[in-house]
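If you're wondering where the values come from, they're calculated on a predicted model, not measured in any experiment.
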Amino acid sequence: MFRKNVNEGERAGGRSVLEQGHEGAVPGGEEKTGVSRRTLTTSAALTATMLLAGGGVAQAGPGKARGAKDLTLRLPAPTGPHRIGVSTLYLVDRARRDPWEPLPVREVMATVFYPARTVRGYPVAPQMSRGAAERLPFIDPLFHEGLPAKGVNWAGTKTHAHTGAPAQDLRRPVLLYSPGGGDPRTLGTGIAEELAGRGYVVVTIDHPGDGSEVEFPHTRAGRKKVRETVFRGNPRTDPKIFRTAIDTRIADTRFVLDQLEALAAGRNPDAAGRPLPEHLGRALDLRRVGIYGHSAGGTTAAEAMYEDRRIQAAINLEGFLDHPPASPGQEGKLFPIAQYGTDRPLLLLGSDGFPYKRELERSWSAMLAHRHGRTTRRQLDHAAHSVFNDYAVIAPQLQAAGLMSAAHRIELVGAIDPAVSVPLVRHHVGSFFTRHLPTC
């Protein structure tokens with residue numbers, strides 16, 4: 001999910017071939033509330049005791065990389081019965097060139113969350129790698145207005161998943177996740193852990209060159225170890241860039257699914273040959289595959305299901321289902337799923353605070369108009385665009401610590417308390433997949 005336009009000189013680091021002018025962003029929410037600023041301040045301070053594992057907003061202790069006074073954020077604890085393991089996959093598609101920069105292959109990073117047989121002796125994983133966490137304060141505030149450039153120990157946030165823990169030797173439905181445009185896969189950790197705790201194998205996918213910061217196991221010619229986004233501005237104003245982004249995401253998603261088939265067949269698809277957790281491949285039931293995504297990831301999820309019969313159910317979290325118009329005043333072409341409909345279940349989940357609701361309405365209404373379709377639509381009130389990712393709990397913690405204003409918090413995630421929004425989003429996503437891809 002993208003937010004604001006930025007000047008070319010604002011971003012630290014080198015310039016990509018696409019930084020000459022036309023990249024960007026799907027923005028995030030307007031100031032729409034009905035909840036007072038006093039209520040917001042109070043709820044932000046209290047919400048940790050209701051939601052966050054470990055109780056409250058933590059400060060980094062002595063010896064933390066970013067200093068003793070930096071805020072350490074906490075993610076909501078999953079509610080399911082299963083302990084969670086986690087592993088990362090470095091995947092290389094040698095049949096595709098990178099669309100954003102002059103790289104001869106397409107590289108993708110993915111994280112796999114899964115029900116673990118045991119977690120004893122396996123360390124709790126951080127939300128993001130150290131290299132990505134170090135770059136985040138220099139990149140993400142350019143796209144999310146009000147996000148602090150300092151004062152947060154981004155590398156200190158812990159998940160509830162254990163690195164390398166053995167998987168349960170039981171076939172589980174597989175769910176793919178595509179994040180918002182310009183966002184990293186790590187911002188989808190909360191929902192991914194919730195679904196894994198309920199018995200799903202969840203694979204979150206980064207789209208390098210698109211995602212804000214993506215760390216690889218090693219450098220290669222033409223890129224650094226941490227690859228940064230090339231996006232600038234709003235891709236809805238550039239049909240070619242928008243099409244490239246969505247086409248690349250769909251191809252990434254289908255490629256990841258191909259690699260999961262290799263993993264289920266007993267092969268290790270990791271391009272660096274890194275060892276994988278015991279029984280991970282045997283945990284994948286690729287006869288039961290779903291997908292969900294946020295913003296541009298929601299567009300990806302819906303259209304990937306249309307194009308790939310292996311995907312049996314999809315959730316679109318506030319993503320457009322049409323292309324931007326070629327000229328002002330015209331209408332953009334609908335994606336095939338909105339044009340022709342689908343015979344598989346699709347959930348459209350939006351917020352009342354999305355400032356592009358009017359533009360979104362055309363393609364979503366077209367989707368719902370198909371007779372005999374299986375599309376449903378739901379909405380979160382007092383919410384904004386990023387309520388569907390980890391900013392739902394991050395923004396209130398930043399506000400409570402004095403690192404984000406109430407206005408910026410409302411713009412990013414809405415006035416809704418995370419003690420309300422997190423269970424609501426979990427309910428909509430979890431109940432949809434329970435109904436259409438049950439774990440047993």
For the atom pair [atom1] ([X]) and [atom2] ([Y]), what is the distance rounded to the nearest 0.5 Å?
| X | Y | atom1 | atom2 | answer |
| --- | --- | --- | --- | --- |
| D390 | M128 | CG | CE | 8.5 Å |
| S363 | L348 | OG | CG | 8.5 Å |
| I84 | E193 | CD1 | CD | 5.0 Å |
| Q312 | M305 | CD | CE | 10.5 Å |
| L286 | D258 | CG | CG | 10.5 Å |
| E228 | R135 | CD | CZ | 4.5 Å |

Determine yes or no for a side-chain-to-main-chain donor-acceptor pair under 3.5 angstrom, with [X] supplying the side chain and [Y] the backbone.
| X | Y | result |
| --- | --- | --- |
| S405 | H408 | yes |
| R409 | G414 | yes |
| W364 | G319 | yes |
| Y292 | F433 | no |
| E101 | G209 | no |
| D352 | A383 | yes |
| H323 | K240 | no |
| T229 | D210 | yes |
| R362 | G332 | yes |
| R254 | A304 | no |

Carefully, step by step, assess S295 and F388 under the rule side-chain contact (heavy atoms from CB on, under 4.5 Å). CA-CA 9 Å; S295 195; F388 301 113; over 6 Å; no
Apply salt bridge (charged side-chain N to carboxylate O under 4.0 Å, His left out) to R172 and D285, showing your working. CA-CA 5 Å; R172 300 282 185 178; D285 186 351; over 6 Å; no
Under 4.5 Å between any side-chain heavy atoms of [X] and [Y], yes or no?
| X | Y | value |
| --- | --- | --- |
| L334 | M367 | no |
| L276 | L89 | yes |
| M109 | P217 | yes |
| Y177 | I315 | no |
| H207 | T253 | yes |
| D140 | E213 | yes |
| D308 | I250 | no |
| V105 | R220 | yes |

For [X] and [Y], which heavy atoms make the closest approach, and how far apart are they?
| X | Y | answer |
| --- | --- | --- |
| H428 | L349 | CB-CD2, 3.8 Å |
| Y306 | R344 | O-NH2, 3.7 Å |
| L437 | A313 | CD1-CB, 4.3 Å |
| I337 | A302 | CD1-O, 3.1 Å |
| P179 | R249 | O-NH1, 2.8 Å |
| G146 | M404 | O-CE, 3.5 Å |

side-chain contact (heavy atoms from CB on, under 4.5 Å) between L73 and V152: does it pass, once the steps are laid out? CA-CA 8 Å; L73 301 162; V152 180; 3.8 Å; yes
Determine, for F216 and R223, whether the Lys NZ or Arg CZ falls below 6.0 Å from the six-membered ring centre while staying within 45 degrees of the axis.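 Yes, R223 and F216 form such a contact.
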Let's go through R198 and E194 carefully: what are the C-alpha distance in whole Å and the side-chain angles of both, what is the deciding distance for salt bridge (charged side-chain N to carboxylate O under 4.0 Å, His left out) to 0.1 Å, and is it a yes or a no? CA-CA 6 Å; R198 296 187 184 195; E194 175 67 14; 2.9 Å; yes
When the aromatic ring centroids of H218 and Y90 are compared, is their separation below 6.0 Å? yes
When the aromatic ring centroids of H294 and H385 are compared, is their separation below 6.0 Å?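 For H294 and H385, the ring centres are under 6.0 Å apart.
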Any side-chain donor near an acceptor of the partner, R426 and T79, under 3.5 Å: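 Distance-only check fails for R426 and T79.
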Between E261 and R310, does the salt bridge (charged side-chain N to carboxylate O under 4.0 Å, His left out) criterion hold? Intermediate values first, please. CA-CA 11 Å; E261 289 181 340; R310 293 176 294 181; 3.1 Å; yes
Anything under 30° is parallel, anything over 60° is perpendicular, the rest tilted; go ahead and classify F231 against W100.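 Correct class here is perpendicular.
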Within the supplied structure, the quantity of interest is the number of heavy atoms (other residues, nucleotides, ligands) at a distance under 6.0 Å from K225 NZ; does it exceed 12? yes
Could you tell me whether R435 atom CZ has more than 12 heavy atoms of other residues or ligands within 6.0 Å of it?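 It does: R435 CZ has more than 12 such atoms within range.
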Dump the intermediate steps for side-chain contact (heavy atoms from CB on, under 4.5 Å) on T439 and T434, then the final yes or no. CA-CA 7 Å; T439 57; T434 297; over 6 Å; no
Start with the C-alpha gap between L360 and E318, add the side-chain angles, then the distance that decides, and say whether side-chain contact (heavy atoms from CB on, under 4.5 Å) holds. CA-CA 8 Å; L360 189 72; E318 211 157 63; 4.0 Å; yes
Decide salt bridge (charged side-chain N to carboxylate O under 4.0 Å, His left out) for R227 and D206; before the verdict, give the C-alpha distance in whole Å, the side-chain angles of both, and the deciding distance to 0.1 Å. CA-CA 11 Å; R227 184 174 173 184; D206 257 330; over 6 Å; no
